[in-house]
Amino acid sequence: MQQDISKAHDKPRHKGVNITMATDQPIRVRFAPSPTGFLHIGGARTALFNWLFARHHGGTFILRIDDTDEARSTDESMQGIYDSMEWLGLDWDEGPMVGGPHTPYIQSERGERYHKYVQQLLDTGNAYRCYCAPEELDQMRTLARVEKRPQGYPGKCRYLTEADRHKLEGEGRKSTIRLKIPEGAIIVRDLVLDVIKFEADTLDDFIIVRSNGSPLYNFTSIIDDIEMGITHVIRGADHLSNTPKHLSICQALGFDPPQCAHLPMVLGSSKGEKLSKRHGATSVGQYREDGYLPEALINFLVRLGWSYDDKEEIFSVDQLIEKFDLERVGKSGSVFDLKKLQWLNGHYITRLNLSARTDAVIPFLQKGSLLEEEKSRAWLEQFVAAVGDRLETLADITTYSYLFTDDFDYDPKAVKKWWKGDPAGILQGLRDVLGAIEVFEIEPIEAATWAHIEAAGISRIKAMQPLRVALSGESGGPGLFDIIVLLGREKVLERLDRAIQHIQEIF
RNA sequence: GUCCCCGUCGUCUAGCCUGGCCAAGGACACCGGCCUUUCACGCCGGCGACACGGGUUCAAAUCCCGUCGGGGACACCA
């Protein structure tokens, strides 16, 4: 079964050489974060594209933990990554917790697996021991920098003889192992960026094994990709310059490399800088805490570098699985625009039915200590219904704290604007009406209030706004009658008395 | 500095491969209006871009060359 993604979409997007998938096997992709921090927005985007690509093509999505840097890796980060991925709904078919045919999926647990490849490289003369000390390397680099030469390793130990090595080792020198970069240019065929050529003399013999014997990322990563049968490596464009290294290793070892696709970077500002804390929250967990819905974040993330056409941009996960492909991934970086995320989030919150929205909002009420007093489910749903589509994030729910507590201040601007003329008189009139209503429900309240306002001969707004300020301290918010019902007669009357007294003290 | 990538409204993007349908379309943001007890939603309208310069062509956002600008990588990090 030959698959050809260049024909997968009727509007192939990239010009130049047609890159087809040289594979007839089922697709296998992987997301391989290093657990040195929580799941970053950029990482989540990479994970999402891999996941969608796998789901779209009926392939396998693998989670692998690339923790070859033991010093910086932590279990806490690993757990955080799992949590964030689960929250986003990016489930993995193989990987930690779920296992799979290539267990283990955590590199630090893969032990000696890499050794035989290193040995093979050494035996075939494709790698060599390098005895240069870190300080010497540093020196060479600074010198190169000053002399404006490329800073790569100049190949000092490349042609050492057996005797040289013996001597160096006799001096007690430790050695790293470097890959011997092959002659000739390395051609990268990228599913997003097309064909990129790296001349051999611009590449240097990089270290694949530390002097303490542990292999480095650029080696383990591609080795695991090969061992795990990865067909497509989809990752951020910041890895583009590592690709010729991986290709060189494959070439030296005689392996067919996976296809690759480099995703444009996620930027933090229009200046073009990579997204960083300086630009705001960068971890998926933070957005979760800030009250964003996973479906909103997914929809937002997928549009960072991918588009479907010129009209649709709101997609459910199922639609994304159906429509997503690498064909329509763009080449240029995209700025993370929080405003757009907020808009999308508001959209998805509105789409939640009342019960689901209430459930979603409850944790945020608790976090705001607004549920100390027991509230009935019915009341809560009524409250959420009244708030309606005024939420951009779930956390916004706490702006309506005045429905839970009497502890609120009158907004000075609202006071200035709406408590003019004879506010106390107006509020007293309203108080009398509301106090006299027999059944304290929305219809009779509404009818009585309107009747009173009409009889008093004032405009609706001139009565309603002072009342709103008295009850909530603010000049905007949910329907006033909803607020009145939610508060209940007793609180409404209390707050009116308090406001009237307050006004009399001011004047 | 060296290598590599990128360059359409402020932002996300459609269009570019296969030149004419583009006096460049949509969305977010912003501004104005309508609706309304208010705010928000919604609806209507407005502002606003082919980085620049050459070339090819009857015709260029689209093809070619150059310039400029931005970014990434250059670790015994990943």
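Protein chains get the first letters and strands the later ones, always in sequence-line order, with residue 1 at the start of each. For the numbers below, each heavy atom of this structure counts, side chains included, while hydrogens, waters and symmetry mates do not.
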Enclosure of A:Lys462 NZ (heavy-atom neighbours >12, cutoff 6.0 Å): no

Crowding at CG, A:Asn212 (>12 non-hydrogen neighbours, <6.0 Å): yes

Phosphate OP1/OP2 of B:C4: any A:Ser241 side-chain N/O under 4.0 Å: no

Closest listed nucleotide, where the reference is the side chain of A:Ser211 and the choices are B:A73, B:C76, B:A14: B:C76

d(NE2, A:His246; C1', B:A78) in whole Å: 10 Å

Spacing of A:Met464 atom CE and A:Ile453 atom CD1 [to the nearest 0.5 Å]: 5.5 Å

Distance, rounded to the nearest Å, where A:Leu137 contributes CG and B:C74 contributes P: 14 Å

Separation of B:C41 P from A:Asn345 CG (nearest whole Å): 14 Å

Spacing between A:Lys331 atom NZ and B:C5 atom P, to the nearest angstrom: 9 Å

Length of the line joining A:Phe336:CZ and B:G71:P, which is rounded to integer Å: 20 Å

Distance below 4.0 Å between A:Arg145 side-chain N/O and B:U2 OP1 or OP2: no

Whole-angstrom distance between B:C6 and B:G45, as gauged at atom C1': 36 Å

Sugar-phosphate only, base, or nothing, as touched by A:Asp389 at under 4.0 Å among non-hydrogen atoms: base

Interatomic distance at C1', B:G10 relative to B:C31, whole Å: 14 Å

Donor-acceptor side-chain pairing of A:Tyr114 and A:Asp224 below 3.5 angstrom: yes

Touch class at under 4.0 angstrom, heavy-atom based, for A:Leu304 against every strand present: sugar-phosphate

Pairing nucleotide - B:G69, Watson-Crick or G-U, each distance under 3.5 Å: B:C6

Aromatic plane relationship, A:Tyr400 with A:Phe383 - under 30° parallel, 30 to 60° tilted, over 60° perpendicular: perpendicular

Distance below 4.0 Å between A:Arg173 side-chain N/O and B:C76 OP1 or OP2: no

Heavy-atom donor-acceptor pair, A:Arg303 side-chain to B:C12 base, under 3.5 Å: no

Touch class at under 4.0 angstrom, heavy-atom based, for A:Asn242 against every strand present: base

Over 12 foreign heavy atoms within 6.0 Å of CD, A:Glu183: no

Aromatic-base stack, A:His239 on B:A78, cutoff 5.5 Å, angle under 30: yes

Whole-angstrom distance between B:U8 and B:G48, as gauged at atom C1': 12 Å

A:Trp418 six-ring centre to A:Arg468 NZ/CZ under 6.0 Å and within 45° of normal: no

Listed nucleotide nearest any side-chain atom of A:Ile207, set B:C77, B:U13, B:C76: B:C76

Closest to the A:Val335 side chain, choosing from B:A14, B:A40, B:C12: B:C12

Donor-acceptor pair (no angle test) under 3.5 Å: A:Asp67 side chain, B:A78 base: no

Whole-Å gap separating C1' (B:U38) and NZ (A:Lys417): 9 Å

Nucleotide-resolved protein contact map, nucleotides 29-37 of chain B, B/S/- at heavy-atom distance under 4.0 Å: S-------B

Sugar-phosphate only, base, or nothing, as touched by A:Lys174 at under 4.0 Å among non-hydrogen atoms: nothing

Integer-rounded Å distance: B:C39 C1' and A:Ile397 CD1: 14 Å

Rounded distance in Å between the C1' positions of B:G69 and B:C63: 23 Å

Under 3.5 Å donor-acceptor pair, A:Ser334 side-chain atoms to B:C12 base atoms: no

RNA chain B: 5'-proximal contact among A:Glu199 and A:Arg72 (nearest heavy atom): A:Glu199

Parallel, tilted or perpendicular: ring planes of A:Phe324 versus A:Trp306, cut at 30 and 60 degrees: tilted

B:C50 to B:A23 separation - P atoms, rounded to the nearest Å: 14 Å

A:Asp204 CG - B:A73 C1' separation (whole Å): 11 Å

C1' atoms of B:C34 and B:A40, separation to the nearest Å: 15 Å

Assigned partner base of B:G1, Watson-Crick or wobble definition, under 3.5 Å: B:C74

side-chain hydrogen bond (donor to acceptor under 3.5 Å, both in side chains) partner of A:Asp67, the single match among A:Ser108, A:Ser73, A:Ser34: A:Ser108

Sugar-phosphate only, base, or nothing, as touched by A:Phe206 at under 4.0 Å among non-hydrogen atoms: nothing

B:U62 and B:G15, which share atom name C1', separated by this distance in whole Å: 8 Å

Geometric class of the A:Tyr292/A:Tyr287 ring pair [parallel <30°, tilted 30-60°, perpendicular >60°]: perpendicular

Residue A:Asp69, side-chain heavy atoms: nucleotide from B:A14, B:C76, B:C77 that is nearest: B:C77

Touch class at under 4.0 angstrom, heavy-atom based, for A:Thr68 against every strand present: sugar-phosphate

Distance test, side-chain N/O of A:Arg328 to OP1/OP2 of B:G15, below 4.0 Å: yes

Interatomic distance at P, B:A49 relative to B:G25, whole Å: 11 Å

Watson-Crick or G-U wobble partner of B:C34, both distances under 3.5 Å: B:G42

A:Arg303 charged N/C atom sitting above A:Phe300 aromatic ring, 6.0 Å / 45°: no

Along RNA chain B (nearest heavy atom to each residue), the more 5'-positioned of A:Lys274 and A:Asn218: A:Lys274

Sugar-phosphate only, base, or nothing, as touched by A:Ser332 at under 4.0 Å among non-hydrogen atoms: sugar-phosphate

